[in-house]
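The basis for the numbers below is simple: all heavy atoms, side chains too, and nothing from hydrogens, waters or symmetry mates.
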Amino acid sequence: MKRDVIIACDFANREETLAFLDRFQDVKPFVKIGMELFYGEGPQIVREIKARGHEIFLDLKLHDIPTTVKKAMKNLAILGADMVNLHAAGGSVMMRAAIEGLEAGAKGERPKLIAVTQLTSTSEQLMHDELLIPNPINDVVTSYAKNAQGAGLDGVVCSPLEAGLVKQACSASFLTVTPGVRFADDDVGDQKRVTTPARAREIGSDYIVVGRSITAAADPVAAYCRAVRDFVEGE
């Protein structure tokens, strides 16, 4: 099983992002481009970072009617993203339409498609009180994961705390991409369901998404290497 650390490049603009990536001279880490950067700089930022040799997880969390999602995914595939996502709450028809769009837009192998189950900022209490979902969060996450697998997706976004449950409910090959990862000595910020890189490895994550623990570190390259040692190499 391949494991990898994805750096969340949640920067405000192109200049900050490229200045950060310039620090990585000997390695080309897998990077996540989210809404803040994509909406600020547009599709060109994806092309530019891809041209530098990075794999890209384009984290836009699509959630709309199937036709709209299909057309949007076609355009995202044309950009050259390696991984894209949507909300599993959009349903199976929407998820299947997304795959059709990616296959239509991909120049070679289509990007991996993963579905967001529940955001790592969502607590079970919030899910019950505001989203009116009465089931335990673990049951909701695994149910959404099974829906995604049935629709033909490659995996899901979930908390690392739920990665093992997803593997049990789906299969060992069904990808778990897990944000909410911090070093033990870091602040958890606005995340609710978090763990460390080493613990994420033990539970069963395939990819961890690490943001501020790397991007806000005094030495981001050293912090990235620490995450790789803990998660990929298991040292």
Side-chain angles (χ1 to χ4, degrees), residues 1-10 30-38 55-64 69 72-73 76 81-92 94-95 98-99 102 110-124 126-127 131 133 137-182 188-195 197 199-201 203-213 227 231:
M1 179 181 66
K2 176 186 176 182
R3 291 188 176 91
D4 210 346
V5 175
I6 302 174
I7 302 177
C9 290
D10 295 326
F30 203 135
V31 301
K32 179 181 81 72
I33 297 175
M35 294 180 187
E36 179 182 12
L37 183 59
F38 187 82
E55 289 185 272
I56 295 175
F57 168 25
L58 191 51
D59 178 25
L60 300 181
K61 302 182 180 72
L62 274 62
H63 188 174
D64 211 313
V69 170
M73 285 295 186
L76 298 186
D82 300 278
M83 182 185 292
V84 295
N85 64 354
L86 45 63
H87 273 287
S92 297
M94 185 197 77
M95 290 190 278
I99 292 176
L102 291 175
R110 71 160 173 81
K112 290 182 172 62
L113 179 61
I114 56 178
V116 177
T117 52
Q118 289 294 322
L119 299 172
T120 52
S121 59
T122 299
S123 66
E124 186 165 88
L126 184 151
M127 197 180 69
L131 305 183
I133 300 174
I137 197 165
N138 286 348
D139 292 351
V140 174
V141 168
T142 54
S143 177
Y144 282 18
K146 287 189 280 189
N147 290 342
Q149 185 182 43
L153 273 66
D154 301 291
V156 293
V157 181
C158 62
S159 158
L161 302 177
E162 297 135 13
L165 296 174
V166 168
K167 294 287 189 181
Q168 292 172 17
C170 298
S171 69
S173 62
F174 194 62
L175 298 177
T176 52
V177 181
T178 61
V181 175
R182 299 281 190 274
V188 300
D190 54 5
Q191 307 279 11
K192 302 298 182 184
R193 304 184 334 272
V194 302
T195 192
R199 182 60 180 145
R201 175 189 171 91
I203 297 171
S205 297
D206 296 300
Y207 297 85
I208 56 172
V209 181
V210 185
R212 283 164 284 189
S213 289
F231 179 68

So Val166 and Val141, side chain to side chain contact (heavy atoms under 4.5 Å, CB included) or not? Walk me through it.
CA-CA 8 Å; Val166 168; Val141 168; 4.0 Å; yes

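- Taken from CD in Gln168 to CD in Glu162, the straight-line distance is 12.5 Å, to the nearest 0.5 Å.
- Panel note: side chain Asp154, backbone Leu113; a donor-acceptor pair is recorded below 3.5 Å.
- Counting heavy atoms from C-beta outward, Lys32 and Met83 have side chains that stay 4.5 Å or more apart.
- Cys158 contributes atom SG, which lies 9.0 Å from atom NZ of Lys167 (distance to the nearest 0.5 angstrom).
- Thr142 places a side-chain N or O within 3.5 Å of a backbone atom of Asp139 that can act as its donor or acceptor partner.
- Under the 4.5 Å side-chain criterion, counting only non-hydrogen atoms from C-beta, Thr178 is not in contact with Val209.
- Closest heavy-atom contact between Met94 and Asp64: SD-O, 3.2 Å.
- Smallest separation of non-hydrogen atoms from Ser205 and Phe231: O-CZ, 3.3 Å.
- At least one donor-acceptor pair closer than 3.5 Å links the side chain of Thr117 to the backbone N or O of Val157.
- Side chain of Ser123 to main chain of Leu126: a donor-acceptor pair is present (N/O by atom type, distance under 3.5 Å, no hydrogens or angles).
- Here the CG-CD distance, from Asn138 to Gln118, works out to 11.0 Å after rounding to the nearest 0.5 Å.
- Taking the side chain as every heavy atom from C-beta outward, Leu86 and His63 never approach each other to under 4.5 Å.
- Classified by interplanar angle (parallel below 30°, tilted 30° to 60°, perpendicular above 60°), the ring pair Phe30/Tyr207 is perpendicular.
- With a 4.5 Å cut-off on side-chain heavy atoms, Cys170 and Lys146 count as touching.
- Going from atom CG of Asp59 over to atom CG of Leu62 covers 10.5 Å, rounded to the nearest 0.5 Å.
- Proximity of a side-chain donor or acceptor of Ser159 to a complementary backbone N or O of Leu161 within less than 3.5 Å is detected.
- Put simply, CG on Leu165 and CD1 on Ile137 are 11.0 Å apart, with the number rounded to the nearest 0.5 Å.
- Contact record, Val177 with Ile114: CG2-CD1, 3.7 Å, taken as the closest heavy-atom pair.
- Counting heavy atoms from C-beta outward, Ser213 and Arg182 have side chains that approach closer than 4.5 Å.
- With contacts defined as side-chain heavy-atom distances shorter than 4.5 Å, the pair Val156/Leu175 does not qualify.
- Counting heavy atoms from C-beta outward, Leu58 and Phe38 have side chains that approach closer than 4.5 Å.
- Nearest heavy-atom pair, Ala8 versus Gly211, reported as atom, atom and distance to 0.1 Å: CB-CA, 3.8 Å.
- Between His87 and Leu119 the shortest side-chain heavy-atom distance falls below 4.5 Å.
- The NZ atom of Lys112 lies 12.0 Å from the CZ atom of Phe57; values are rounded to the nearest 0.5 Å.
- Under the 3.5 Å distance criterion, the side-chain polar atoms of Asp82 are matched with a main-chain donor or acceptor of Ile56.
- Within the 3.5 Å criterion, the main-chain N or O of Thr176 finds a donor-acceptor partner in the side chain of Asp206.
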Would you sort out whether Arg110 and Ile99 count as a side chain to side chain contact (heavy atoms under 4.5 Å, CB included), showing the intermediate values?
CA-CA 8 Å; Arg110 71 160 173 81; Ile99 292 176; 4.0 Å; yes

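- Among all heavy-atom pairs drawn from Leu153 and Phe174, the shortest one is O-CE1, 3.4 Å.
- For Arg212 and Asp10, the salt-bridge test fails: no basic side-chain N is under 4.0 Å from an acidic carboxylate O.
- When all heavy atoms of Ile203 and Pro160 are compared, the pair lying nearest together is CG2-O, 3.1 Å.
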